[in-house]
Amino acid sequence: MGDVGIVATRFYEWPGKLQLEGGAHLGPLTIAYETYGELNASGDNVILVLHALTGSAHVAGRHSPEDRLPGWWDPLIGPGRALDTRRYFVVCANVLGSCYGTTGPASINPDTGRPYALDFPVVTIRDMVRVQKILLDHLGVKHLVAAVGGSMGGMQVLEWGFLYPEMVRAIIPIAACGRTTPMQIAFNNVQREAIYADPEWQAGNYYGTPGPQRGLALARRIGTITYKSDISWTMKFGRTIVDEKKYFHLDGQFEVESYLSYQGRKLVQRFDANAYIYLTKAVDLHDVGRGRGNYNEIWCNVPVCLGIGISSDFLFPPQQVKEIVQLINAAGGRALYKELKSPYGHDAFLIEFKQLEAILKPFLDEISRQV
């Protein structure tokens, strides 16, 4: 097995205006994307990978020989790997509303010549998927072997199954839900409030300044807590103190506290606070039943589904994935459930590559043989 080597993020400039689900129009659009492998003559050997909240189109390979880390799903993509680039044309696009090259609140508003900031309209998971469809049409893609992704990426996978079922042979949502729950919305709410409370947020008009670094870092710390499990925290840190001499001091820290601080600082270096606000709002609004009828009765035309849960997932419990599988089967469709047995919580879909390969590879082989 090999990796995909040195890759580059590319950009498609779409000149049109897209009517968003909320009614606003947005355009022209820039769509950042990466591809791996070759598109076949019939345009139907494609696997679309959808990324999570603060992810990017850089799902595999390295941008230069000096890159310390490859793309976020690199162990799964390449010759001989689960998403075998000798067979499949793998595509990953940065989502609408993000800050990794696709149009988002940090982009320049053509009407004002300044960053959109809060003039950027609210976007939804469906809007993201419609933008991805625009890109795939541009690339000459006719059919997908599968759409696959975890967390917010899994939400996009489900919307692909509802918006374009005739184009998708199989959907693979991982650690995702058909609609967000009050608890999930609550966690996102307090993360946004952390950003709003930072005086440097300046009602979103902070571009050209350092911006709400403390608020965004705190939001990330809150989010990081939900991505783990109690057992993973205990395995990694226990009750270890950073400096025993400060055990009885208010500024003394357990190692887990130091780790959360590190995660907050790291996100501040690479992500835009307004994008974080808009994307968490899109997650809150996610509901595949919206405008489609009774939630329990809308699953009859969804493509073949492989739902993958995570045994220790606190944020998106495995029961939510099982529910999706049960609803598809009850509607007369075909769906199966697999589970990552992992102590790492929600983050397991970014860690348990061997388990994912063992699940994905035979499923994709079977789906491909059915052509």
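Within 6.0 Å of NZ on Lys338 lie no more than 12 heavy atoms contributed by other residues, nucleotides or ligands. Heavy-atom contacts from other residues, nucleotides or ligands closer than 6.0 Å to CD of Glu38 number 12 or fewer. No more than 12 heavy-atom neighbours from other residues, nucleotides or ligands sit within 6.0 angstrom of CD1 on Ile231. Counting non-hydrogen atoms of other residues, nucleotides and ligands closer than 6.0 Å to CZ of Arg214 gives a total of 12 or fewer. More than 12 heavy atoms of other residues, nucleotides or ligands sit less than 6.0 Å from atom CZ of Phe11. Other residues, nucleotides and ligands contribute over 12 non-hydrogen atoms within 6.0 Å of the CZ atom of Arg270. Environment of CG in Asn40: crowded, with over 12 heavy atoms of neighbouring residues, nucleotides or ligands closer than 6.0 Å. When the shell of 6.0 Å around NZ of Lys17 is examined, it contains more than 12 heavy atoms from other residues, nucleotides or ligands.
Within the 3.5 Å criterion, the main-chain N or O of His51 finds a donor-acceptor partner in the side chain of Gln156. Looking only at distances, a side-chain donor or acceptor of Glu257 sits under 3.5 Å from a matching main-chain atom of Phe254. Between the side chain of His286 and the backbone N or O of Cys177, at least one donor-acceptor pair lies under 3.5 Å.
The pair Arg86-Asp84 meets the salt-bridge criterion, with a side-chain N (NZ, NE, NH1 or NH2) lying under 4.0 Å from an Asp/Glu carboxylate O. Looking at Asp74 and Arg62, no side-chain N of the basic residue comes within less than 4.0 Å of a carboxylate O on the acidic one, giving no salt bridge. Ion pair Arg334/Glu366 flagged as a salt bridge, since at least one NZ, NE, NH1 or NH2 atom sits closer than 4.0 Å to an Asp/Glu carboxylate oxygen. One finds no salt bridge joining Arg292 and Asp287 here, because no Lys/Arg side-chain nitrogen approaches an Asp/Glu carboxylate oxygen to under 4.0 Å. At a threshold of 4.0 Å, the pair Arg369-Asp365 does not count as salt-bridged, since none of the basic side-chain nitrogens sits closer than that to a carboxylate oxygen.
Annotation: side chain of Leu340 is in contact with side chain of Leu356 (closest heavy-atom distance under 4.5 Å). When side chains are defined from C-beta on, Thr30 does not count as touching Ser107, because their heavy atoms never get closer than 4.5 Å. By the 4.5 Å heavy-atom criterion applied to side chains, Val90 and Val49 are counted as neighbours. Here the side chains of Glu159 and Met128 are not in contact, with every heavy-atom distance at 4.5 Å or above. Counting heavy atoms from C-beta outward, Cys305 and Ile172 have side chains that stay 4.5 Å or more apart. Counting heavy atoms from C-beta on, the side chains of Thr112 and Asn109 come closer than 4.5 Å. Side chains of Met155 and Pro173 form no contact here, defined as non-hydrogen atoms less than 4.5 Å apart. Residues Val131 and Leu135 are not in side-chain contact: their nearest non-hydrogen atoms beyond the backbone lie 4.5 Å or more apart.
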### Steps toward side-chain contact (heavy atoms from CB on, under 4.5 Å) verdict (Asn301, Glu166)
CA-CA 9 Å; Asn301 294 318; Glu166 73 290 341; over 6 Å; no
**Asked** Hey, mind stepping through Ile277 and Phe120 against side-chain contact (heavy atoms from CB on, under 4.5 Å) and telling me if it holds?
**Response** CA-CA 11 Å; Ile277 289 169; Phe120 195 74; over 6 Å; no
Evaluate the criterion side-chain hydrogen bond (donor to acceptor under 3.5 Å, both in side chains) for residue pair Thr35 and Arg10; output intermediate values, then yes/no.
CA-CA 9 Å; Thr35 66; Arg10 289 180 281 174; 2.3 Å; yes
*asked:* Between Tyr33 and Thr102, is the side-chain contact (heavy atoms from CB on, under 4.5 Å) condition met? List the steps.
replied: CA-CA 8 Å; Tyr33 68 99; Thr102 295; over 6 Å; no
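Of all heavy-atom pairs between Phe89 and Leu39, the closest is CD1-N, 3.4 Å. Counting all heavy atoms, side chain and backbone alike, Gln132 lies closest to Leu50 at OE1-CD1, 3.3 Å. Closest of all the heavy-atom pairs between Glu34 and Ala60 is OE1-O, 3.8 Å. When all heavy atoms of Ser342 and Ala348 are compared, the closest pair comes out as OG-CB, 3.5 Å. Pro121 approaches Tyr278 most closely through the heavy-atom pair O-CE2, 3.4 Å. The two residues Asn188 and Asp284 make their nearest non-hydrogen contact at ND2-OD1, 2.8 Å.
Between the side chains of Asn274 and Tyr207, at least one donor N or O lies within less than 3.5 Å of an accepting N or O. Glu255 and Thr240 share no side-chain donor-acceptor pair at under 3.5 Å. When only modelled atom types and interatomic distance are considered, Tyr337 and Glu339 share a side-chain donor-acceptor pair under 3.5 Å. Side chain to side chain, Asp272 and Tyr206 meet the donor-acceptor criterion of an N or O pair below 3.5 Å. Counted by atom type alone, Ser368 and Tyr88 present one or more donor-acceptor pairs between their side chains at under 3.5 Å. Side-chain polar atoms of His63 and Thr9 form a donor-acceptor pair below 3.5 angstrom. In this model, no donor atom of one side chain and acceptor atom of the other lie less than 3.5 Å apart for Gln191 and Thr280. Glu200 and Gln213 are not linked by any side-chain donor-acceptor pair at a separation below 3.5 angstrom, with hydrogens and angles left out of the test. With hydrogens and angles left out, the side-chain atoms of Arg290 and Thr124 include no donor and acceptor closer than 3.5 Å.
Between the OG atom in Ser42 and the NZ atom in Lys142 there is a gap of 10.0 Å [rounded to 0.5 Å]. To the nearest 0.5 Å, the span separating OG on Ser151 from CG on Leu315 amounts to 6.5 Å. The CD1 atom of Ile308 lies 8.5 Å from the CZ atom of Phe363; values are rounded to the nearest 0.5 Å. Annotation: the span from Thr54 atom OG1 to Lys266 atom NZ amounts to 9.5 Å, rounded to 0.5 Å. Leu158 contributes atom CG, which lies 10.0 Å from atom CD1 of Ile125 (distance to the nearest 0.5 angstrom). Of the inter-residue distances, the one linking Ile134 atom CD1 with Leu29 atom CG reads 6.0 Å to the nearest 0.5 angstrom.
Aromatic ring pairs are classed by plane angle as parallel below 30°, tilted from 30° to 60° and perpendicular above 60°; the pair Trp160 and Tyr164 is tilted.
Aromatic rings from Phe237 and Tyr259 are positioned such that their centres are separated by under 6.0 Å. You'll find the ring centres of Tyr100 and Phe271 inside the 6.0 Å limit. In this structure, Phe162 has its ring center closer than 6.0 angstrom to the ring center of Trp299. Aromatic rings of His346 and Phe314 (six-membered ring for Trp) have centroids beyond the 6.0 Å cut-off, not under it.
Residue Tyr227 is tested with Leu350, Asp313, Leu53 for a side-chain contact (heavy atoms from CB on, under 4.5 Å); the sole match is Leu53.
At least one test fails for Lys228 against the ring of Tyr344: distance under 6.0 Å to the centre or angle within 45° of the axis. The side-chain tip of Arg179 points at the ring of Tyr295 from less than 6.0 angstrom away and within 45° of straight on.
Neither Met152 nor Ile174 shares a network with the other; the hydrophobic side chains, linked directly or stepwise wherever heavy atoms of I, L, V, M, F, W or Y lie under 4.5 Å apart, form separate groups for each. With hydrophobic clusters built from ILVMFWY side chains whose heavy atoms lie under 4.5 angstrom apart, Phe316 shares a cluster with Val288.
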